[in-house]
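Input: a single structure, listed below in structure tokens.
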2 protein chains.
Amino acid sequence: MSETLPGDPLRLEQQLCFPLYAASRLVTRLYQPLLEPLGLTYPQYIVLMILWEESPCSVSRIGERALLASNTLTPLLKRLEQQGLVQRSRAAHDERVVTIALTEAGQALRRDCACVPAKLYQQVGYPLDEARQLKAQLDTLLARLASLPPG
Amino acid sequence: MSETLPGDPLRLEQQLCFPLYAASRLVTRLYQPLLEPLGLTYPQYIVLMILWEESPCSVSRIGERALLASNTLTPLLKRLEQQGLVQRSRAAHDERVVTIALTEAGQALRRDCACVPAKLYQQVGYPLDEARQLKAQLDTLLARLASLPPG
DNA sequence: CGAATATAAGTCGCACACGATTTAATCGTA
DNA sequence: TACGATTAAATCGTGTGCGACTTATATTCG
């Protein structure tokens, strides 16, 4: 038998990728009960955070910040449009570009989301120091990953 | 206008959740070219790592370690079965339990995956110290998240 | 100018994730 | 021992992610 030994690089507990993957999913799950009453999914919430900072905004600009491509964003944005939170329109200066603008309702939703970060943070009860340090390290990793040559 | 200000908790760059979510996706994307030639997806690779450590193994045991439920695992395991990597069978002592056992091919695939962790690590070029520290912090966070009361 | 190229979004197909529900088997206990 | 509660998988529906491709528009340069 080719049993895995304690130091084997293929052991689950040796992986950096696994806690990253699992923690990401569990955090998304924690958001769900906070966002569901607002009719939002977690990726939709991410996109809205971008729009609350800059609206109007092109699809590719959103993709640049969320690191998502149009094949993910287009359906997501159509759902936000159907909920009346954003408006989609072709840019005049370049007909290829689709401009996403928050509606009144989309702007207003920001107030309902204001308490979400604090509520989530409180649920996890994660020490602030550790959280800050982890965020710094994740930001570094993310920057490195995002700068890797594609392919 | 309710513009977001630099210190606003709803700003994307203030979030811990976003780099977690984005880094997790980018890492999965990095695995893809390494796993695709072996006919594997990233979640399938995770499940196989568990099976390389303990096979046979029940579906719920896999779920316990991967933090995935049967609604995700059942289809995934059926695909692994179709590829001839695992065998699914009802346990004799309890007919509710489905036992997953690696086939010869499933065992053999472990050797082809042996180089995957090193290759990935090399691609990212992430300093070992930082990686170790980040992993420790993610393990801590994951333990905390997994121990939260459900609901 | 005009063809080749590049770019922005969208479409398609597949494989997750996961809440909610269902089905089947086992367990607990009156 | 019967029967309600519990448990293990599976099923179903929705919403991502993403590789591969298409479509429409703009740009470049011969």
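We name chains A, B, ... by the order of the sequence lines, and we start the count at 1 in each one.
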Could you tell me whether B:Gln44 contacts a base, only the sugar-phosphate backbone, or nothing, with contacts defined as non-hydrogen atoms closer than 4.0 Å? sugar-phosphate
Check whether any side-chain heavy atom of B:Leu120 lies under 4.5 Å from a side-chain heavy atom of B:Tyr31, and answer yes or no. yes
So for B:Asn71 and C:dG19, does any side-chain atom that can act as donor or acceptor lie under 3.5 Å from a complementary atom in the base? yes
Considering residues, nucleotides and ligands other than A:Glu81, do more than 12 of their heavy atoms fall under 6.0 Å from its CD? yes
Looking for any heavy atom pair under 4.0 Å, which part of the strands does A:Arg79 touch: base, sugar-phosphate only, or nothing? base
Take B:Val97 and A:Leu68, find for each the nucleotide of DNA chain D with the closest heavy atom, and name the residue whose nucleotide sits nearer the 5' end. B:Val97
Below 3.5 Å, does any donor atom in the side chain of B:Ser70 face an acceptor in the base of D:dA10, or the other way round? yes
Tell me if the aromatic rings of B:Tyr126 and B:Tyr121 count as close, with their centers under 6.0 Å from one another. no
Can you figure out which of D:dG17, C:dG10, C:dA25 approaches the side chain of B:Arg96 most closely? C:dA25
Under 4.0 Å between a side-chain N/O of B:Lys78 and OP1 or OP2 of D:dT11, yes or no? yes
A:Leu77 atom CG is separated from D:dG15 atom C1', nearest whole Å, by 13 Å
Under 4.0 Å, heavy atoms only, any strand: does A:Thr28 hit a base, just the sugar-phosphate, or nothing? nothing
Is any side-chain heavy atom of B:Ile62 closer than 4.5 Å to a side-chain heavy atom of B:Leu68? no
Of A:Gln32 and B:Pro75, whose nearest nucleotide on DNA chain C comes first from the 5' end? B:Pro75
Short side-chain N/O contact from A:Ser60 to OP1 or OP2 of C:dA9, under 4.0 Å: yes
Please report the distance, rounded to the nearest Å, between CG in A:Leu26 and C1' in C:dA17. 12 Å
When you check the phosphate oxygens OP1 and OP2 of D:dG17, does a side-chain N or O of B:Arg29 lie under 4.0 Å from one of them? no
Select base, sugar-phosphate, or nothing to describe what B:Thr41 touches, counting heavy atoms under 4.0 Å on all strands. sugar-phosphate
Using whole Å, report how far NE2 of A:His93 lies from P of C:dT7. 15 Å
Got A:Asp8 and A:Gln14 here, is their nearest side-chain heavy-atom distance under 4.5 Å? no
Is there a salt bridge (Lys or Arg N to Asp or Glu O under 4.0 Å) between B:Glu64 and B:Arg61 once you walk through the steps? CA-CA 5 Å; B:Glu64 200 176 305; B:Arg61 173 62 181 149; 3.0 Å; yes
Any A:Thr74 side-chain nitrogen or oxygen under 4.0 Å from OP1 or OP2 of C:dT11: no
Separation of A:Glu95 atom CD from D:dT23 atom C1', in whole Å? 14 Å
OP1 or OP2 of D:dG17 less than 4.0 angstrom from a side-chain nitrogen or oxygen of B:Tyr21, does that happen here? yes
Using a heavy-atom cut-off of 4.0 Å across all strands, would you classify A:Leu73 as base, sugar-phosphate, or nothing? nothing
Just call it for B:Arg88: base, sugar-phosphate, or nothing, with non-hydrogen atoms closer than 4.0 Å on any strand. sugar-phosphate
B:Asp94 CG to C:dC27 P: how many Å, rounded? 6 Å
